[in-house]
Amino acid sequence: MTVTAQAVRRDAVKAPRRRGGGIAPPWLFAVPALLIYALVVLYPAFSGAGSAFTDWSGVGAQRSFVGLDNFQQLFRDDQALGALRNTLLLTVAIVVVQNGIGLLLALGVHTGIKSRMVLRVIFFAPVVVSPVMVSFLWKYVYNPAPDAGLNAALGAIGLGGLRQDWLGNPSIALWSVAFTVIWQCAGYSMVIFLAGLEGVPAELHESAMVDGAGTVARFRHITWPLLAPAVTINLMLSTVGGLTLFTQIIAMTNGGPGYATDTLSTVLYKQAFVFGKFGYSTAVALVLAIFVAAVSFIQIGYLRSRETAA
């Protein structure tokens with residue numbers, strides 16, 4: 001018997017067979033996992049979505065159908081509309097600044113400097129720290145006392161006039177939270193961009209250098225187009241992260257001062273667990289989920305077309 005025949009016979013023995021004979025289709029292996037997923041994820045999600053059309057308080061089984069009243073209240077609620085505005089501002093700031101810094105860091109540590117491995121570890125280190133720990137660390141940095149945290153550092157270098165109540169001033173509290181998120185997550189964007197840079201063939205840069213192309217020209221015409229997949233991943237992750245930002249805001253400001261740093265995620269949390277309006281909070285969650293899905297589909301369509309063009 002030849003080696004090939006032996007391999008075929010061995011594979012036939014190992015392949016799963018149905019009781020009536022024949023090899024079972026591969027999708028049968030996914031059925032147990034799909035059933036568990038449907039039971040743990042899909043059923044609670046769809047059954048919970050039905051609460052958006054009721055006045056359920058979260059206690060007991062009593063609830064009344066109210067139709068679209070929760071959604072009408074949402075779009076008339078000044079707090080919710082302000083939270084939507086804050087969510088969009090945070091997302092734009094995080095997407096633009098985080099990815100810009102991540103790209104610059106990746107380009108910096110992609111060079112031949114001897115300390116590049118150490119710098120990669122240093123820049124990535126905040127990513128592995130719990131967001132709650134990072135939030136409390138920066139809450140101390142933003143201490144409003146003139147002799148503590150950032151205010152003390154500003155006073156030490158002669159910039160005492162810039163001291164602020166960083167988390168208590170409604171005009172800058174949102175940006176203080178955004179800076180914290182960017183500080184922690186820029187290293188994550190750096191790693192993804194660095195993986196893309198590692199995949200750019202060195203021969204292309206060498207050929208361009210022979211032709212007289214400068215650093216900027218090589219980046220524009222060679223590096224940037226080939227970074228398209230990394231750009232897609234980073235933009236998608238940072239966009240979804242910004243639209244659903246919750247932990248840092250709750251830990252640092254709890255949505256304050258007033259409603260200055262509330263996002264849709266904090267609004268639905270407060271409506272459910274502070275005010276006991278589970279029906280209304282579910283409506284907020286449903287609108288947020290649909291909004292995130294719509295933005296993601298539009299974004300992925302555009303970015304994929306850019307990858308194809310590149």
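- The side-chain hydrogen bond (donor to acceptor under 3.5 Å, both in side chains) search around Ser281 returns none, not counting sequence neighbours.
- With respect to the salt-bridge test (charged N to carboxylate O, under 4.0 angstrom), the residues Lys277 and Asp55 do not qualify.
- Results of the side-chain contact (heavy atoms from CB on, under 4.5 Å) test with Val177 over Ile94, Ile249, Thr263 single out Ile249 as the only residue that passes.
- With sequence neighbours excluded, the residues satisfying side chain to side chain contact (heavy atoms under 4.5 Å, CB included) with Ser57 are Val59.
- Counting heavy atoms from C-beta outward, Ile233 and Pro229 have side chains that stay 4.5 Å or more apart.
- Residues forming a side-chain hydrogen bond (donor to acceptor under 3.5 Å, both in side chains) with Ser115 (at least two apart in sequence, or on another chain): none.
- Counting all heavy atoms, side chain and backbone alike, Ser171 lies closest to Trp175 at O-CD1, 3.5 Å.
- For residues 30-46, there are no side-chain hydrogen bond (donor to acceptor under 3.5 Å, both in side chains) pairs, not counting sequence neighbours.
- Through side-chain heavy atoms spaced under 4.5 Å, either directly or across other Ile, Leu, Val, Met, Phe, Trp or Tyr residues, Val132 is tied to Phe136.
- Applying the side-chain hydrogen bond (donor to acceptor under 3.5 Å, both in side chains) rule to Tyr280 yields the partners Asp77; only residues at least two apart in sequence or on another chain are considered.
- For residues 74-94, the set of pairs meeting the ring-ring contact (aromatic ring centres under 6.0 Å, His included) definition, not counting sequence neighbours, is empty.
- Residues meeting the side-chain hydrogen bond (donor to acceptor under 3.5 Å, both in side chains) test with Asn151, sequence neighbours left out: Trp166.
- Between Tyr142 and Phe179 there is a side-chain heavy-atom pair separated by less than 4.5 Å.
- For the ring pair (Phe, Tyr, Trp, His ring centres under 6.0 Å) test, residues two or more places apart in sequence or in another chain that qualify with Phe53 are Phe71.
- Its side chain within the 4.5 Å cluster rule, Tyr269 clusters with Trp56, Phe246, Ile250, Phe273, Phe278 among the Ile, Leu, Val, Met, Phe, Trp and Tyr residues.
- Looking at residues two or more places apart in sequence or on another chain, you find a side chain to side chain contact (heavy atoms under 4.5 Å, CB included) between Val231 and Phe193, Trp224, Leu227, Leu235, Arg306.
- Side-chain contact between Leu204 and Leu226: present, with at least one pair of heavy atoms (C-beta onward) separated by less than 4.5 Å.
- Partners of Leu84 by side chain to side chain contact (heavy atoms under 4.5 Å, CB included), not counting sequence neighbours, listed by chain and number: Leu88, Leu264.
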